[in-house]
Amino acid sequence: MTTRVRFSPAPTGYLHVGGARSALFNWLFARKSGGVFVLRIEDTDADRSRPELVDAIHNSLEWLGIDWDEEYRQSDRFEHYVAAASEFVDRGLAYRCDCSQDDVKARVGENAGYDGHCRARDVQPGTGVVVRFRTPDDGVTGWDDLVRGRVEFDNATLEDFVIVRSSGVPMFHVANAYDDLDMGITHVVRGEDLVNTTPRVLLLREAMGAEDHPTYAHLPLIVNEQRKKLSKRRDDVAVGDYADRGYLPEAMRNYLLTLGWGPKDDVEIRPIGELIELFDLADINPAPAFFDIKKLDHFNGEYIRMLSVEEFVERSRPFASGPDGAVDPGLYQRLAPWVQERARRYEEIPALIEWVVSGPPEPVEKDWRKVMGKEAVPEILDRIIERIDTVEWTSDALSELILGVGEELGAKSQLPARMAITGRRSGLPLFEPMAELERDDVRTRLKTARGRL
RNA sequence: GCCCCCAUCGUUCAGCGGCCUAGGACGCCUGCCUUUCACGCAGGUAACACGGGUUCAAAUCCCGUUGGGGGUACCA
């Protein structure tokens, strides 16, 4: 039997790292097992769903290199869910209820669920009327979860939940159960925040006549530093934002995979093909995992350095701009090897190349004092300025000049020169990029620095 | 409150009864390389939450405690 899995985002926001991770694990499993990966947009809640976000989800998935074999939209399939729900009513598996939420609260209190008040009241269709599923009073509903083992709920703790809103629109459980059955989904891989809805879906599915159910695998949640579920509100987690900041999709994908799972041989950073090969849902760690941006940065740096210089130039070019716009392609190409070794994210590139492509940056005050306060500095700068007009304009000659001055004076001359010319005490190599600057420009920078001492 | 889940270095993954004086990675610290930084290289730091069992033997199995999280909607 070919495996069929699905990723079912609700288009109520941008794709975030938690969703991306779910999509990724599903995709990996499908690709590994030669199965089918279905993208199913769960947009039954018209009030909250925004159609334009579907495109954003597509884009983020594509960016991550996650492709899908089939796509559905639940809003196109309403009639099936409606039919399923009304059949439940006809068969006595569900019933109409006209209790308001306040009515229910008044009867059962703050902390209890619905009390089954309308089970036998034969409520007729009308405004404010919902349909509730009649849950069993005893017995248990459970499943063998691939990552958690046996999970069971006493049916007595399951209230008669709403399956059709008073607007007539079925709830997601119904759509979910119907579609998983109709689409022949064999494995459901999703976040742990959905475990509690699983017994409902199982019950619904059974009522629809299914004799079996998909294999479930509930992924551990990704949490923030407070150990809380990543949320779109508090946490900066939209996949698109990571793309904008210059993370590589392959790094993000690889990193996401090490959250809750890891290759047995401890080699974390490796080609996606190998990862697909090694991956197994049953090996997923059930404990929540912290999204560690520092480690992601490390992965990203590794992936950046893995690129050929040509690829790096090509892919990072959109980030390689100064205030004056795009950087000269030839110049960027020449600077690229040094940039590539230093950037952990593409967004760091402008700061790295600023002194070469858009004039002298304002010196960092603290670094300036530390470097330029040394006794030999005025003399170092004077001697460099003295010879700058006659030196051959090559990196070798410039290096010889500056280091030579240092030797004459028995002092370190590279750092003061760097500070004068780049405004920073660290960054790209000094001499090669310096040779890219105009002689007049360099002279001016040196004199400005000298005057500033 | 009720239901469900989780528990190994600061973080993350490994460990599925003996190979563990617990391993890899990130971070952090040291040194080497280098007249910057980074890269690279060599070291170091640091954990089985607690208490009971079971067993010849437990990080690994069971129970409890504690701690954390998720759910508890006419959202998904």
Side-chain angles (χ1 to χ4, degrees), chain A residues 8-13 19 42-45 47-49 74 97 100-101 109-114 128-132 145 147-149 151-154 156-159 161-173 175-176 190-199 218 220-221 223 225-229 255 257-269 283 285-299 301-302 305 338-344 352 367 371 399 402-403 406-407 411-419 422 424-430:
Chain A
S8 317
T12 55
E42 305 219 332
D43 54 354
T44 54
D45 184 357
D47 293 342
R48 290 158 42 100
S49 295
Q74 290 189 327
C97 165
S100 71
Q101 291 182 71
E110 234 13 83
N111 293 323
Y114 181 70
V129 173
V130 299
V131 177
R132 288 183 183 274
D145 197 284
V147 346
R148 266 147 236 285
V151 180
E152 287 184 338
F153 289 77
D154 280 332
T157 66
L158 267 24
E159 62 180 308
F161 56 93
V162 173
I163 59 174
V164 182
R165 302 169 171 89
S166 55
S167 65
V169 178
M171 296 283 291
F172 86 99
H173 313 96
N176 199 282
R190 30 126 82 145
E192 194 201 332
D193 49 342
L194 272 333
V195 283
N196 300 272
T197 74
T198 304
H218 286 96
L221 257 20
V223 298
E225 44 282 279
Q226 281 87 238
R227 298 254 119 205
K228 301 234 189 276
K229 178 170 83 157
Y255 175 66
L257 222 36
T258 65
L259 256 27
W261 179 80
K264 296 261 184 277
D265 61 7
D266 281 338
V267 180
E268 292 179 315
I269 297 180
D283 291 335
N285 180 342
F290 169 60
F291 187 78
D292 186 358
I293 196 82
K294 286 227 183 87
K295 190 154 181 179
L296 205 212
D297 281 348
H298 174 258
F299 272 46
E302 292 277 323
R305 278 174 257 121
W338 301 305
V339 175
Q340 185 175 10
E341 205 164 80
R342 270 152 264 255
R344 288 161 84 84
L352 242 19
D367 292 346
V371 174
S399 158
I402 291 169
L403 297 185
E407 275 168 35
K412 302 251 182 187
S413 55
Q414 194 252 175
L415 222 36
R418 167 181 291 280
M419 197 68 216
T422 76
R424 301 279 127 91
R425 60 183 306 213
S426 63
L428 262 31
L430 180 60

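Sequence lines set the chain letters: A, B, ... in the order given, protein chains first and strands last, and positions in each chain run from 1. The model shown is predicted, which means the values in this text are computed figures rather than measured ones.
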Practice problem: Could you go through the side chain to side chain contact (heavy atoms under 4.5 Å, CB included) check for Thr197(A) and Met171(A) one step at a time? | Solution: CA-CA 12 Å; Thr197(A) 74; Met171(A) 296 283 291; over 6 Å; no
Quiz item: Any side-chain heavy atom of Phe153(A) sitting closer than 4.5 Å to one from Thr198(A)?
Solution: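 No, their side chains stay 4.5 Å or more apart.
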Exercise. Find out whether Lys229(A) and Glu192(A) are in side-chain contact, i.e. whether some heavy atom of one side chain is under 4.5 Å from a heavy atom of the other.
Key: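 No, their side chains stay 4.5 Å or more apart.
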Practice problem: Could I get the full list of ring pair (Phe, Tyr, Trp, His ring centres under 6.0 Å) partners for Phe299(A), not counting sequence neighbours? | Solution: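 Listed in chain order: Tyr255(A).
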Interface polar pairs with nucleotides 70-76 of chain B, N/O, under 3.5 angstrom:
unit_1: rG70(B); atom_1: OP1; unit_2: Lys229(A); atom_2: N; d: 3.3
unit_1: rG70(B); atom_1: N2; unit_2: Asn196(A); atom_2: OD1; d: 2.9
unit_1: rG71(B); atom_1: OP1; unit_2: Lys229(A); atom_2: NZ; d: 2.8
unit_1: rG71(B); atom_1: O4'; unit_2: Asn196(A); atom_2: ND2; d: 3.3
unit_1: rC74(B); atom_1: OP1; unit_2: Gln101(A); atom_2: OE1; d: 3.1
unit_1: rC74(B); atom_1: O2; unit_2: Ser166(A); atom_2: N; d: 2.8
unit_1: rC74(B); atom_1: O2; unit_2: Ser166(A); atom_2: OG; d: 2.9
unit_1: rC74(B); atom_1: N3; unit_2: Ser166(A); atom_2: OG; d: 2.9
unit_1: rC75(B); atom_1: OP2; unit_2: Arg165(A); atom_2: NE; d: 2.5
unit_1: rC75(B); atom_1: OP2; unit_2: Arg165(A); atom_2: NH2; d: 3.0
unit_1: rC75(B); atom_1: O3'; unit_2: Arg165(A); atom_2: NH2; d: 3.2
unit_1: rC75(B); atom_1: O2'; unit_2: Asp45(A); atom_2: OD2; d: 3.2
unit_1: rC75(B); atom_1: O2'; unit_2: Arg48(A); atom_2: NE; d: 2.7
unit_1: rC75(B); atom_1: O2'; unit_2: Arg48(A); atom_2: NH2; d: 3.2
unit_1: rC75(B); atom_1: O2; unit_2: Arg48(A); atom_2: NH2; d: 2.9
unit_1: rA76(B); atom_1: OP1; unit_2: Thr44(A); atom_2: OG1; d: 2.6
unit_1: rA76(B); atom_1: OP1; unit_2: Arg165(A); atom_2: NH2; d: 2.7
unit_1: rA76(B); atom_1: OP2; unit_2: Phe172(A); atom_2: N; d: 3.3
unit_1: rA76(B); atom_1: O3'; unit_2: Glu42(A); atom_2: OE1; d: 2.8

Practice problem: Identify, with sequence neighbours excluded, every residue that meets side chain to side chain contact (heavy atoms under 4.5 Å, CB included) alongside Pro11(A). | Solution: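 Expected list: Ile41(A), Asp43(A), Ser49(A), Leu53(A), Val54(A), Ile57(A).
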Quiz item: Got a sec, which residues hit side chain to side chain contact (heavy atoms under 4.5 Å, CB included) with Thr422(A), two or more places apart in sequence or on another chain?
Solution: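 If we apply the side chain to side chain contact (heavy atoms under 4.5 Å, CB included) test to Thr422(A), skipping adjacent residues, the hits are Trp355(A), Arg418(A), Arg424(A), Leu430(A).
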For a quick check of understanding: with a heavy-atom distance under 4.0 Å over all strands, which category does [X] fall into, base, sugar-phosphate or nothing?
{"X": "Glu225(A)", "result": "nothing"}
{"X": "Trp338(A)", "result": "nothing"}
{"X": "Asn285(A)", "result": "sugar-phosphate"}
{"X": "Arg190(A)", "result": "nothing"}

Quiz item: Nearest of rA7(B), rC16(B), rG24(B) to any side-chain atom of Lys264(A)?
Solution: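 Nearest nucleotide to the side chain: rC16(B).
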Quiz item: How does protein reach along nucleotides 40-45 of chain B, written 5' to 3' as B (base within reach of a heavy atom under 4.0 Å), S (only sugar-phosphate), or - (no contact)?
Solution: S-----
Quiz item: If the sugar-phosphate is the primed atoms plus P, OP1 and OP2 and the base is the rest, what is the B/S/- string for nucleotides 58-63 of chain B, using protein heavy atoms under 4.0 Å?
Solution: ------
Quiz item: What integer distance in Å separates Asp265(A):CG from rU12(B):P?
Solution: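 Nearest whole value for this atom pair: 21 Å.
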Practice problem: Calculate the interatomic distance between Gln226(A) atom CD and rG67(B) atom C1'; express it in whole Å. | Solution: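 Taking atom C1' of rG67(B) as the reference, CD of Gln226(A) is at 17 Å.
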Side chain to side chain donor-acceptor pair (under 3.5 Å) partners of [X], counting only residues at least two apart:
{"X": "Glu268(A)", "value": "Lys295(A)"}
{"X": "Arg132(A)", "value": "none"}
{"X": "Ser167(A)", "value": "none"}
{"X": "His173(A)", "value": "Arg200(A)"}

Practice problem: Tell me which of Asp266(A) and Leu296(A) sits closer to the 5' end of RNA chain B, going by the nucleotide each one is nearest to. | Solution: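 This one resolves to Asp266(A).
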Exercise. Report the residue (Asp292(A) or Val223(A)) whose heavy-atom-nearest nucleotide on RNA chain B is the more 5′ of the two.
Key: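 Comparing both residues, the 5'-ward one is Asp292(A).
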Tabulate atom names and distances for all N/O pairs under 3.5 angstrom spanning the protein and nucleotides 33-37 of chain B.
unit_1: rU35(B); atom_1: O2'; unit_2: Gln414(A); atom_2: NE2; d: 2.9
unit_1: rU35(B); atom_1: O4; unit_2: Leu403(A); atom_2: O; d: 2.7
unit_1: rU36(B); atom_1: O4'; unit_2: Gln414(A); atom_2: NE2; d: 2.9
unit_1: rU36(B); atom_1: O2'; unit_2: Arg425(A); atom_2: O; d: 2.4
unit_1: rU36(B); atom_1: N1; unit_2: Arg418(A); atom_2: NH2; d: 3.3
unit_1: rU36(B); atom_1: O2; unit_2: Arg418(A); atom_2: NE; d: 3.4
unit_1: rU36(B); atom_1: O2; unit_2: Arg418(A); atom_2: NH1; d: 3.2
unit_1: rU36(B); atom_1: O2; unit_2: Arg418(A); atom_2: NH2; d: 3.3
unit_1: rU36(B); atom_1: O2; unit_2: Gly427(A); atom_2: N; d: 3.0
unit_1: rU36(B); atom_1: O2; unit_2: Gly427(A); atom_2: O; d: 3.2
unit_1: rU36(B); atom_1: N3; unit_2: Arg418(A); atom_2: NH2; d: 3.0
unit_1: rU36(B); atom_1: N3; unit_2: Gly427(A); atom_2: O; d: 3.0
unit_1: rC37(B); atom_1: O2; unit_2: Arg342(A); atom_2: NH1; d: 2.5
unit_1: rC37(B); atom_1: O2; unit_2: Gly427(A); atom_2: O; d: 2.9
unit_1: rC37(B); atom_1: N3; unit_2: Arg342(A); atom_2: NH1; d: 2.3

Exercise. Looking only at non-hydrogen atoms, find the nearest pair between Thr12(A) and Arg48(A) and report the distance.
Key: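 Answer, listing the atom of Thr12(A) first, then Arg48(A): CG2-O, 3.5 Å.
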Self-check item: Nearest non-hydrogen partners of Ala289(A) and Gly260(A), listed with the distance
Solution: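 Closest approach of Ala289(A) to Gly260(A): CB-N, 4.4 Å.
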Give every pair of a protein N or O atom and an N or O atom of nucleotides 47-51 of chain B that lie under 3.5 Å apart, one pair per line with the distance.
none

